[in-house]
Amino acid sequence: MQIEKLMYDYNILDSHNIDDIDLKGIQYDSRSIKEGDLFIAIKGFKVNGHHYINDALKNGASIVLIEDKNYCSHDYPWILVSDSRAALADLSAKYFGYPSRNFTLIGITGTNGKTTTSNLIAKILEEQGEKVGLIGTIHNRIGSEILPVERTTPESRDLQELFAQMVQKDVTYVIMEVSSHALDLMRVRGSEFDIAVFTNLTQDHLDYHETMENYFNAKSKLFFELTNESSKKQKKYAIINKDDEWGKLLLQKYRGNKISYSIEEDTDFKAEEIKISAKGVEYNVNKTKVNLKLTGKFNVYNSLAALAVASSINIPLKKAIKTIEEINGVAGRFQVINNSCGFSVIIDYAHTADSLVNILTTAKEFVQNKIITVFGCGGDRDKSKRPKMGEAAAKYSDYCIVTSDNPRTENPEAIIKDILPGIQKEISNEQYEIIINRKDAIKKAVEVAHEGDIIIIAGKGHETYQEINGKKYPFDDKEIVEELLMLHK
Ligand SMILES: CC(=O)N[C@H]1[C@@H](OP(=O)(O)OP(=O)(O)OC[C@H]2O[C@@H](n3ccc(=O)[nH]c3=O)[C@H](O)[C@@H]2O)O[C@H](CO)[C@@H](O)[C@@H]1O[C@H](C)C(=O)N[C@@H](C)C(=O)N[C@H](CCC(=O)O)C(=O)O
Ligand SMILES: Nc1ncnc2c1ncn2[C@@H]1O[C@H](COP(=O)(O)OP(=O)(O)OP(=O)(O)O)[C@@H](O)[C@H]1O
Ligand SMILES: N[C@H](CCC[C@H](N)C(=O)O)C(=O)O
Ligand SMILES: [Mg+2]
């Protein structure tokens with residue numbers, strides 16, 4: 001694409017020597033630059049992308065886009081804008097042909113339940129014969145083609161490229177998890193959403209957002225994107241959990257079409273007569289029975305959200321229910337590991353206090369003996385959630401083994417030290433132990449478990465690695481526990 005065409009109508013502050021440049025691509029990382037690309041320099045949290053302009057030029061960049069006028073130079077063609085992160089999103093959407101205009105885009109935000117809910121919605125749509133694109137924590141998917149992921153919501157440029165691939169492959173609906181980081185860092189700017197879902201808001205990521213209000217404001221951005229003009233026929237909807245205090249606030253603030261769901265309040269989709277068991281959960285919604293193989297009150301919420309989305313695109317309730325009733329589970333979400341040892345093992349991605357409370361209280365509904373919980377907290381993430389996760393785990397377990405999650409660049413012992421005050425608030429020294437090595441911790445849980453116990457291995461769910469000091473080592477809770485269970489007598 002000619003640079004003049006890309007920049008036509010764009011608010012630029014200044015430029016140098018940009019005539020007649022035919023762009024081959026757009027990149028925000030100097031290491032990904034190929035001959036003829038535009039390099040967009042972003043001032044990051046860790047480093048300043050402007051420092052990598054020379055690397056980008058060496059790798060073949062034909063022009064750079066900057067926001068710092070100190071990098072205006074006679075040595076290379078440049079464009080100066082006021083915000084290069086915004087420009088990355090705007091220009092990528094244009095470069096890839098505004099791909100999200102070609103399908104119905106469903107965004108799901110909230111602290112917990114995004115992955116589960118998006119998987120339920122994907123199945124409902126696929127059952128209707130639609131070709132679905134799925135973007136989220138476990139993987140990205142185009143129809144049945146699986147693509148690996150780095151993070152939950154891709155960077156704007158990568159997202160627009162992925163959308164364009166989806167358009168080429170005739171996808172009709174895209175369901176994506178939208179993280180608060182993504183909303184704050186403009187990764188979804190230029191994406192035209194039709195339906196937005198708010199699952200809940202509980203403490204996480206305060207290392208980044210600092211306060212719950214900021215965290216809520218970041219999440220809310222998805223809904224204010226929704227009110228923008230659109231070229232599509234699909235009526236826009238906000239789908240919101242009214243039992244969540246922040247959800248209530250969003251319902252009050254949001255002016256467009258909305259559908260609410262709940263267990264406790266009067267709403268469009270209200271679950272009643274809930275029965276939770278080890279095998280699943282049953283409830284009634286709008287006089288129709290739902291019998292899920294997924295268990296836990298939290299999955300009542302996830303399924304209500306999915307049913308509300310289905311109704312917003314005119315899929316009959318009974319049809320949508322039939323589909324979600326067939327779903328056996330989502331990888332690493334309350335995943336039961338079958339065995340013949342007499343006790344149960346459940347792997348779950350709970351990495352917040354709220355999600356620990358949810359899975360442990362669910363397990364308490366049907367445990368016959370004791371609950372043994374193996375968990376840790378991720379490094380380089382919200383430190384203030386650590387004692388709260390400790391407290392939640394201790395309060396609802398009979399025995400806790402505190403271990404490592406992804407230490408990232410932190411010292412695992414220091415992370416555990418942050419967890420302990422929460423644990424010690426609830427239980428005595430005999431009711432917990434520390435085993436830093438996660439594999440050894442899981443091994444110990446299997447050794448001490450008795451008939452009727454439930455072992456909960458929390459925090460890493462579907463993850464197949466453990467990140468230590470910038471390196472990802474193979475590590476899979478499921479594989480490890482299956483190996484240990486085979487050896488267990
Ligand atoms: C806080 C955050 O989200 N940061 C993201 C952000 O980083 P940043 O802007 O600070 O970038 P930086 O590393 O300082 O680098 C600045 C610029 O220099 C460039 N650079 C850097 C080095 C080099 O040699 N050449 C070069 O050009 C970089 O590509 C970048 O454009 O933009 C980067 C590029 O897209 C991301 O990699 C990075 O994600 C970091 C690694 C991350 O861990 N993010 C997590 C917290 C995250 O986003 N999580 C959410 C899920 C949360 C949840 O809901 O549970 C997610 O959506 O996955
Ligand atoms: N609706 C819900 N409300 C509260 N907790 C939930 C809900 N759904 C799932 N959980 C708990 O949160 C964990 C994560 O669920 P899920 O992966 O669906 O959420 P997510 O929002 O995608 O999380 P992440 O932001 O880490 O990608 C589950 O393993 C479970 O413990
Ligand atoms: N999306 C979450 C995942 C956390 C998973 C947990 N295993 C951890 O490492 O803390 C995050 O980036 O905070
Ligand atoms: Mg997720």
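Just follow the structure's listing: the first ligand is 1, and inside any ligand the first atom is 1. Residue numbers start at 1 and run along the sequence shown.
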Student: Check whether any N or O atom of Gly459, backbone or side chain, sits under 3.5 Å from an N or O atom of ligand 3, and answer yes or no.
Tutor: yes

Student: Just to confirm my output: which protein heavy-atom neighbour is closest to atom 3 (C) of ligand 3, and how far is it?
Tutor: Tyr349 OH, 3.2 Å

Student: Can you name the salt bridge (Lys or Arg N to Asp or Glu O under 4.0 Å) partners of Asp244, sequence neighbours left out?
Tutor: none

Student: For His351 and ligand 3, does the shortest N/O to N/O distance drop below 3.5 Å?
Tutor: no

Student: How far is atom 11 (C) of ligand 3 from its nearest protein heavy atom, and which residue and atom name does that atom have?
Tutor: Arg381 NE, 3.3 Å

Student: Looking only at distances, please establish whether an N/O atom of ligand 3 is found under 3.5 Å from an N/O atom of Asn406.
Tutor: yes

Student: Are the aromatic ring centres of Tyr349 and Phe334 under 6.0 angstrom apart?
Tutor: no

Student: For ligand 1, what is the set of protein residues having any non-hydrogen atom at a distance below 4.0 Å?
Tutor: Tyr28, Asp29, Ser30, Arg31, Phe39, Ile42, Gly44, Phe45, Lys46, Val47, Gly49, Tyr52, Arg85, Lys114, Arg151, Thr152, Thr153, Glu155, Ser179, His181, Leu185, Arg187, His205, Tyr208, Arg381

Student: Listing request: all ring pair (Phe, Tyr, Trp, His ring centres under 6.0 Å) pairs with a residue in residues 199-219, at least two apart in sequence or in separate chains.
Tutor: Phe45-Tyr208, His181-His205, His181-Tyr208, His181-His209, His209-Tyr215, Phe216-Trp246

Student: Would you find a donor on one side and an acceptor on the other, under 3.5 Å apart, between the side chain of Arg438 and the backbone of Ser404?
Tutor: yes

Student: Do any heavy atoms of Glu467 fall under 4.0 Å from ligand 3?
Tutor: no

Student: Just to check, does Arg151 reach to within less than 4.0 Å of ligand 3 when the distance is taken from its heavy atoms?
Tutor: no

Student: Other residues, nucleotides and ligands only: do more than 12 of their heavy atoms fall within 6.0 Å of CD on Glu413?
Tutor: no

Student: Can an N or O of Lys460 be found at a distance shorter than 3.5 Å from an N or O of ligand 3?
Tutor: no

Student: Under 2.8 Å from the Mg ion (ligand 4), which protein N, O or S atoms are there? Could you list them by chain and number?
Tutor: Thr115 OG1, Thr137 OG1, Glu177 OE1

